[in-house]
Amino acid sequence: MKPLVLALGLAAMPVSAHEGHSPFDDPGSLWQLIEIDGKPFKAKALLEFPEIGRMAGRAPCNRFSAALWSAYPWFQPGPIAATRSACPDLAEESRFLEALGRMTLAEADGDILILTGDSRDSMVFTRLVSGE
């Protein structure tokens, strides 16, 4: 019976591998995308985590939001909802939102946030504003 109690105790522990360093728990921080898959991202895209379990931001043309269905360091966004304005950077916006939906893991180190996907996809963000 003791192994079962220990297993249940471990299951109740927080999922975060880096408790206290999660960008998801830092409301007010604003992250700017600087690179997708090793290539500079020229348009402006911003990401924030306004509350635990949510992400939101500004793609090159539109605002977006989604639920986050996992805890740091995992990254599993729900369906991404976005407004529908057109602008000259609409192709870059599609590239950004599609990439964001493929990400599965997050790593925050100071003012850098790196999201990675299962097939070597990556997105690199730099912190513009700290929520601390």
Side-chain angles (χ1 to χ4, degrees):
M1 185 71 151
K2 286 184 182 180
L4 178 60
V5 172
L6 178 59
L8 290 174
L10 290 173
M13 292 178 70
V15 179
S16 175
H18 304 283
E19 192 169 336
H21 299 285
S22 169
F24 305 166
D25 300 338
D26 193 8
S29 283
L30 190 59
W31 302 89
Q32 182 169 351
L33 179 65
I34 57 174
E35 182 181 291
I36 294 180
D37 298 334
K39 298 177 184 139
F41 191 77
K42 303 284 187 197
K44 189 169 186 177
L46 304 172
L47 177 64
E48 62 184 319
F49 303 98
E51 60 189 58
I52 294 174
R54 300 279 321 151
M55 72 173 185
R58 177 102 183 137
C61 302
N62 293 284
R63 297 210 46 84
F64 68 90
S65 65
L68 280 176
W69 293 343
S70 59
Y72 184 79
W74 295 275
F75 187 84
Q76 183 184 5
I80 298 172
T83 56
R84 296 185 178 253
S85 296
C87 78
D89 288 326
L90 205 49
E92 287 296 280
E93 175 162 311
S94 293
R95 183 174 161 232
F96 165 69
L97 292 175
E98 288 169 9
L100 193 58
R102 290 192 308 268
M103 299 298 111
T104 58
L105 191 65
E107 179 183 350
D109 187 10
D111 289 337
I112 299 293
L113 170 64
I114 301 171
L115 303 179
T116 54
D118 292 334
S119 56
R120 297 185 151 195
D121 300 326
S122 67
M123 301 176 84
V124 178
F125 295 81
T126 185
R127 189 189 320 249
L128 288 181
V129 176
S130 176
E132 299 176 346

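Basis for what follows: all heavy atoms, side chains included, without hydrogens, waters or symmetry-related copies. Sequence positions, counted from 1, serve as the residue numbers for this chain.
- Here the shortest heavy-atom pairing between G78 and A66 reads O-CB, 3.8 Å.
- In this structure, L100 CG and F75 CZ are separated by 4.5 Å, a value rounded to the nearest 0.5 Å.
- Taken from CD in E98 to CG in D121, the straight-line distance is 11.0 Å, to the nearest 0.5 Å.
- Of all the heavy atoms in A82 and L97, the pair that sits closest is CB-CD1, 4.4 Å.
- In this structure, the separation between CD on E93 and CG on N62 is 4.5 Å, given to the nearest 0.5 Å.
- Distance CD/E51 to CG/L68: 10.5 Å, rounded to 0.5 Å.
- Ion pair R63/E48 flagged as a salt bridge, since at least one NZ, NE, NH1 or NH2 atom sits closer than 4.0 Å to an Asp/Glu carboxylate oxygen.
- No side-chain heavy atom of L113 sits less than 4.5 Å from a side-chain heavy atom of R127.
- For Y72 and F49, the ring centers are positioned 6.0 Å apart or more.
- Side chains of F41 and M123 form no contact here, defined as non-hydrogen atoms less than 4.5 Å apart.
- The closest donor-acceptor contact from the side chain of R58 to the backbone of C61 lies under 3.5 Å.
- Taking CG from L128 and NZ from K44, the interatomic distance works out to 6.5 Å, rounded to the nearest 0.5 Å.
- Across E92 and A43, no two heavy atoms sit closer than the pair CB-CB, 4.0 Å.
- Between atom CD of residue E107 and atom CG of residue L115 there is a gap of 10.0 Å, rounded to the nearest 0.5 Å.
- Although no hydrogens or angles enter the test, the distance criterion places a donor-acceptor pair under 3.5 Å between the side chain of D37 and the main chain of S122.
- In plain terms, the two heavy atoms of P73 and L105 that are nearest each other are O-CD1, 3.2 Å.
- Between the side chain of D111 and the backbone N or O of T126 there is no donor-acceptor pair closer than 3.5 Å.
- The side-chain contact (heavy atoms from CB on, under 4.5 Å) with V124 is formed by just one residue from the set I34, L33, I36; it is I34.
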